[in-house]
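See structure below.
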2 protein chains.
Amino acid sequence: MARKIKLDKRSRQILQAVVAYHINTAEPVGSRTISRKYNFNLSPATIRNIMADLEEMGYLQHPHTSAGRLPTELGYRIYIECLNAAPAEGCQLLSKEERKKFAEFDEIDKLLRYTCKILSSTTNYIGIVLAPKMTRMIFKHISFVQIRSNTVMVIFVSDSGLVQQNIIRLQKEYSQEKLDKMANLLNKKFKNISLLEVRRNLLEMIRQDQITYDELLFRALKLEDEILESQEDAKIFIDGHLNIFSEPEFNDLNKMKAIFETFEEKNQLLNILDSCIKDGGIQILIGSENQIAEMRDCSLVTSVYVAGNFIRGTLGVIGPTRMNYSAVIPQVEYTASLVSQTLSNV
Amino acid sequence: MARKIKLDKRSRQILQAVVAYHINTAEPVGSRTISRKYNFNLSPATIRNIMADLEEMGYLQHPHTSAGRLPTELGYRIYIECLNAAPAEGCQLLSKEERKKFAEFDEIDKLLRYTCKILSSTTNYIGIVLAPKMTRMIFKHISFVQIRSNTVMVIFVSDSGLVQQNIIRLQKEYSQEKLDKMANLLNKKFKNISLLEVRRNLLEMIRQDQITYDELLFRALKLEDEILESQEDAKIFIDGHLNIFSEPEFNDLNKMKAIFETFEEKNQLLNILDSCIKDGGIQILIGSENQIAEMRDCSLVTSVYVAGNFIRGTLGVIGPTRMNYSAVIPQVEYTASLVSQTLSNV
DNA sequence: CTTAGCACTCATTAATAGAGAGTGCTATTT
DNA sequence: AAATAGCACTCTCTATTAATGAGTGCTAAG
């Protein structure tokens, strides 16, 4: 009868060792290497047997007969699960200056751009940030500024004090006074709720005849429409393209090109990040688990960030499947918490 | 005595042929090729003699004894000069939609980003645009909007109707009314002049006691200071990184990496583009003529763009030295004229 | 001045051999 | 039964060599 095969403690330790070593070297790992570098007190032959078992279980693989082993995607998954059991608590993930800077931005775009840069520079992989949908933003204050006849700048100040502005064109011309009136109305009646809710509430109030400024309100509603429509597709920030030049798995121009093209065509990335919002928390997509064929050699570590109690967007890191998960995961987690803090501060 | 060597008409035609052929194929060009593909009615041997002369004159070079010839930078220079003699007039450089879109932007940033994309997509090289210095911008209208205590958004509407906004922090808090007063003063007194001149004029008027609102003016001046200081380094837009993946001369990861690093570190590019402003018109930097070592295999075709009669910035295309100058030069010229038109329209 | 002919050069490609890393299996030890 | 030592085997990687071919440079003839 065949030997019983299960993932006992020792096998798992060997697996961890193989994955960890491979992450460092990017090379297939041989039995002799593990025997020498780790203190299992086992001969290469024994380790070889265990590795053969791990291969049969689907955690390791063989590029060819006489090469060492490397992890399968399943192998990485196990590795990561075991990591989570012992998170690197209390370590200093960012310098004091880097942390302080999060609170110093006036504009959402700049905050997110900085966040993205932090993600890429601390991990040496590619940072990626999905900006919040503006319609979900809770605002403290809205202003309208007439730019030209029919053209108005809308300035949102979110409850966290961050600014985002938008220029929209309207069918009708409004004087600056009218615009100020509208802004005042919105600011007084609808503090601390999102644009979507503003719209819903306005419609409700009209239905119930609770307000009389019909004409003005009608205009305000129209304006809302324009604002909602004028939203471009959600923005994605990407930083650190250069980092993948250093990764040996991308030493191939065609692979490199494919990945760069994926970044250029942001829709696919957007879908993935968007779906991470639904699942919430930290998400780790290993290799082909992400749906982009060109990125089957990449992993994606993402976390949602929040403002108050509401999820606002996603941020994360893209790197080779062989990425340094033990460093990246806490970094993404921590960065998300900093962004959330900044967005939640009133 | 040595044979007399000069660039007669026939030699120049051969040179043109060699350069043109090399631009198409990226390969060294042999005498037989020229003899067959062009109607000089000369045998390869004769062409070989002429090519040897061209080499001695410094227009062609030899990678090794038994390879064909390719142009030196000097060779490209001659080639381009002869091109300019007969520009491709009347050809359709952009579609109607592409052209129309230039007039449809409300924000300077978006206009320039689009311009950059046009430059890269039409030439299949890298588009590059240096944004105008805001202090030189002539404005039609300025607004101040209070965002928070001590924080103000400054909105410039340029004479061409394009908007640029900036958020600045001030030492003192100003009420929205004060801000409006200041804006009004600026808008009334100083229409159609640049920020730099506004500042100069304000100082002059104070000196001559022509105005009495001393306190308010003092604040306005302070505000000006902040605006000028808050300017980040001039912005550069770059688009079309992907295009260089298709160029055979960058089939080398290290070269590629070096170039990408140059783009990341924008200062050097900025210096080059800035110096193009001084020289004005169309500039062509071939190969090592640009001062960036990593870009010694690249050429740069730039043109300034204007608003009214004043030069505002530079735009252009970066590609391999072996770029298709006959297509790129008119394209850069034409795009610059479109941007200039847009910025000059009142 | 132009051209044909021919030897020569040099990069590129394919084929071959040798080295080295690592496994898989078997027999032996604990 | 688990661990180990020994050894043949596999497969990649590197260096060497040889063959190919494009293109020149030179000389002599038209």
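One interatomic measurement links the two molecules: CG of A/Asp8 to P of D/dA3, which rounds to 10 Å at whole-angstrom precision. Distance, A/Ile50 CD1 to D/dA1 C1': 14 Å, rounded to whole Å. At whole-Å resolution of the value, CZ in A/Phe40 and C1' in D/dA2 are 17 Å apart. Nucleotide D/dT27 holds its P atom 14 Å from the CZ atom of B/Arg48, rounded to whole Å. The CD atom of A/Glu55 sits 7 Å away from the P atom of C/dG24 (whole-angstrom rounding). Atom-to-atom, NE2 of A/His64 to P of C/dA21 comes out at 13 Å; the value is rounded to the nearest Å. For the pair B/Met51 CE and C/dT3 P, the computed distance is 15 Å after rounding to whole Å. When the C1' atom of C/dG20 is taken as reference, atom CD of A/Glu27 falls 14 Å away, rounded to whole Å.
Aromatic rings of A/Phe250 and A/Phe245 (six-membered ring for Trp) have centroids beyond the 6.0 Å cut-off, not under it. If you look at A/His241 and B/Phe260, their ring centroids are not closer than 6.0 Å.
Salt-bridge formation is not detected for the pair A/Glu249/A/Lys255: no Lys NZ or Arg NE/NH1/NH2 atom is positioned less than 4.0 Å from an Asp or Glu carboxylate oxygen. A salt bridge links A/Glu289 with A/Arg77: at least one charged nitrogen is closer than 4.0 Å to a carboxylate oxygen.
Residue A/Arg32 places none of its side-chain N or O atoms closer than 4.0 Å to OP1 or OP2 of D/dA5. Between B/Thr46 and the phosphate of C/dC1, there is no side-chain N or O to OP1/OP2 separation shorter than 4.0 Å.
B/Ala67 comes within 4.0 angstrom of sugar-phosphate atoms only, judged by non-hydrogen atoms across all strands, and of no base. Across all strands shown, B/Thr65 has heavy atoms under 4.0 Å from sugar-phosphate atoms exclusively, and none from any base.
The side chain of A/Ala45 approaches D/dT4 more closely than any other nucleotide in the set D/dT24, D/dT4, D/dA3. Closest contact between the side chain of A/Asn49 and the listed nucleotides D/dG25, C/dA4, D/dT4 involves D/dT4. Each of C/dT23, D/dA3, C/dT3 was ranked by its minimum atom distance to the side chain of A/His62; first place goes to C/dT23. Nearest to the side-chain atoms of B/Thr33 among the listed nucleotides C/dG22, D/dG23, D/dT10 stands D/dG23.
Residues B/Cys116 and B/Phe237 share a closest heavy-atom pair of SG-O, 3.4 Å.
Summary of the strand contacts: B/Pro63 and B/Leu42 both lie near DNA chain C, and taking for each the nucleotide with the nearest heavy atom, the more 5' one is attributed to B/Leu42.
Within 3.5 Å, a donor on the side chain of B/Ser66 pairs with an acceptor on the base of C/dT9, or the reverse.
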